[in-house]
Amino acid sequence: MSAPAVENGPEDVNNRSFWMPGNYQSTVKRTEDAFQACSDIVACFQERARVERQYAQQLSEWSTKWKPVAWQCFMSSADRLASLHASICRSLVSEDGDRVRTWQKDTFHKKLFGGFKESQDVETGFIRAQKPWTKRLKKLDKARRAYHKVSRKEQAARERDVHAQGNPDISIDKQKKIQEERALVQQEAEKVRGRYEKVLEEVNRYAPRYMEEMESIFDQAQDEERKRIVFLKQAFLSIHKHLDVTNNESVRAVYEELSNTLTAIDEQEDLRWWRNAHGPGMPTDWPHFQEWKPEKKKNKKGKKVAENRGTIEKSVMIGGVKVRALYDYVGQETDELSFKAGEEFLKTEDEDDQGWCRGLKDDGWEGLYPANYVEVV
């Protein structure tokens with residue numbers, strides 16, 4: 001951005017003008033400024049990459065912490081977003097950062113004793129264009145100072161002459177001498193003025209050529225700066241594309257899936273499941289008359305010991321009751337059955353006083369299982 005205009009006098013403005021000797025330095029310095037800008041961009045967005053990496057890590061830690069509780073859809077979304085921000089980190093460093101560094105290396109060529117070849121070329125062009133102009137300006141300034149000096153001398157002679165005229169204290173000869181001195185100074189002033197005007201005319205004649213050469217060098221510098229601006233603009237657009245998650249299809253997909261999952265929650269289905277799993281919908285063996293049976297040997301837990309382990313004849317299944325498992329169960333002892341929710345098998349013995357039944361699976365495996373884990377089909 002350009003700096004706001006500062007209120008200064010014409011002389012100050014002229015001294016700061018591009019056309020004055022040496023005032024091209026700000027244009028030359030743009031090369032060094034652009035090189036430093038590349039380094040700053042890389043450093044700046046490397047730091048932003050660290051922010052993205054830390055955010056991805058914190059998302060993963062948050063997801064891991066809360067996964068055992070519930071709300072899996074939020075945790076899955078967090079994991080996918082963590083992966084996305086980790087990829088943003090990689091893009092900022094390996095893609096955008098490397099791109100800027102490569103362009104910086106190819107565009108700016110350092111000199112052995114400091115500075116850049118590009119800025120030296122521009123400065124050399126300006127110096128060459130300004131050398132004859134500077135020489136003429138010095139000659140003009142010398143002529144101007146000489147003219148101003150003789151003008152002051154002429155004014156002093158004129159004032160002495162006016163003072164001497166009609167002054168009775170000054171002799172006639174003295175007055176005549178003062179008048180002669182005034183005339184000589186006037187003649188000298190005319191000659192000096194003429195030289196001054198001649199030098200000024202030469203300077204003005206050379207000015208168009210000087211302006212043409214200076215503008216040519218300046219346009220070359222402008223063209224190089226245009227290339228820098230175009231590149232940096234594209235680099236910033238690439239960075240923006242990586243950082244702008246609002247237009248990222250993956251992010252939209254994550255939140256759309258999360259929204260669909262949450263919208264699909266059916267409160268009635270959830271209540272029905274709870275009713276069957278923990279409420280009145282649970283199966284139970286209502287009280288009924290039971291014949292007395294001699295107690296069988298039990299293990300340490302009080303469960304009945306399996307008598308016939310292994311394969312059993314299919315005829316045994318004739319007297320059983322078909323049941324369906326409501327929940328998964330993994331046997332804790334060798335005489336217990338294991339099954340999955342929904343699996344069907346035969347109940348071969350009714351529930352004992354400690355809540356255990358005996359069952360027989362299609363594969364011939366027989367064992368004990370909790371009575372409240374199944375329902376009669």
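Residues: numbered from 1 along the sequence shown. Note: hydrogens, waters and symmetry copies are ignored here, and every other heavy atom, side chains too, is used.
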Subject >> Salt bridge Glu190-Arg193, side-chain N to carboxylate O under 4.0 Å >> reply: no
**OP:** State, to 0.1 Å, how close Gly320 and Leu346 come at their nearest heavy-atom pair, and which atoms those are.
**Re:** C-CD2, 4.2 Å
Original post:
Does the side chain of Phe236 come within less than 4.5 Å of Phe231's, by heavy atoms?
Top reply: no
Subject >> Salt-bridge criterion met for Lys340 and Glu343 (N-O under 4.0 Å) >> reply: no
**OP:** Identify whether NZ of Lys or CZ of Arg in Arg136 sits under 6.0 Å from the centre of the six-membered ring of Tyr206 and within 45° of that ring's axis.
**Re:** yes
**OP:** Compare every heavy atom of Gln72 with every heavy atom of Lys67, then report the nearest pair and how far apart it is.
**Re:** O-NE2, 2.7 Å
Original post:
Within a reach of under 6.0 Å around NE2 of His163, are more than 12 heavy atoms found that belong to other residues, nucleotides or ligands?
Top reply: no
Subject >> Check against side-chain hydrogen bond (donor to acceptor under 3.5 Å, both in side chains), Gln130 and Glu213 >> reply: CA-CA 9 Å; Gln130 284 197 344; Glu213 293 179 357; over 6 Å; no
**OP:** Before giving the answer on salt bridge (Lys or Arg N to Asp or Glu O under 4.0 Å), spell out for Asp244 and Lys241 the whole-Å C-alpha distance, their side-chain angles and the decisive distance to 0.1 Å.
**Re:** CA-CA 5 Å; Asp244 185 10; Lys241 180 181 178 181; over 6 Å; no
Subject >> Closest contact, heavy atoms only, Leu326 versus Ala341 >> reply: O-CB, 3.6 Å
Original post:
Ion pair present between Arg30 and Asp33, side-chain N to carboxylate O less than 4.0 angstrom?
Top reply: no
Subject >> Tyr327 ring center near Phe339 ring center (under 6.0 Å) >> reply: no
**OP:** From the options Lys138, Arg145, Lys139, select the one residue that forms a salt bridge (charged side-chain N to carboxylate O under 4.0 Å, His left out) with Asp141.
**Re:** Arg145
**OP:** Report yes or no: does Glu366 contribute a side-chain atom to a donor-acceptor pair with the main-chain N or O of Leu337 at less than 3.5 Å?
**Re:** no
Subject >> Between Phe218 and Phe18, ring centroids under 6.0 Å >> reply: yes
**OP:** Of all the heavy-atom pairs spanning Arg99 and Ser238, show the shortest one and how long it is.
**Re:** NH1-CB, 3.7 Å
**OP:** Check the side chains of Asn260 and Glu256 for a donor-acceptor pair under 3.5 angstrom, ignoring hydrogens and angles.
**Re:** no
**OP:** Show your working on salt bridge (Lys or Arg N to Asp or Glu O under 4.0 Å) between Glu224 and Lys227 and close with a plain yes or no.
**Re:** CA-CA 5 Å; Glu224 292 301 317; Lys227 294 177 184 177; 3.6 Å; yes
**OP:** Return the minimal non-hydrogen interatomic distance between Val376 and Val323, and the atom names on each side.
**Re:** CA-CG1, 4.1 Å
**OP:** Could I get the full list of ring pair (Phe, Tyr, Trp, His ring centres under 6.0 Å) partners for Phe35, not counting sequence neighbours?
**Re:** Phe108, Phe116
Subject >> Contact summary for Gln179 and Asp161, nearest pair of heavy atoms >> reply: CG-OD1, 3.2 Å
**OP:** Please assess Tyr329 against Tyr369 for the test ring-ring contact (aromatic ring centres under 6.0 Å, His included), listing each intermediate value before the final yes or no.
**Re:** CA-CA 8 Å; Tyr329 181 73; Tyr369 65 87; 8.3 Å; no
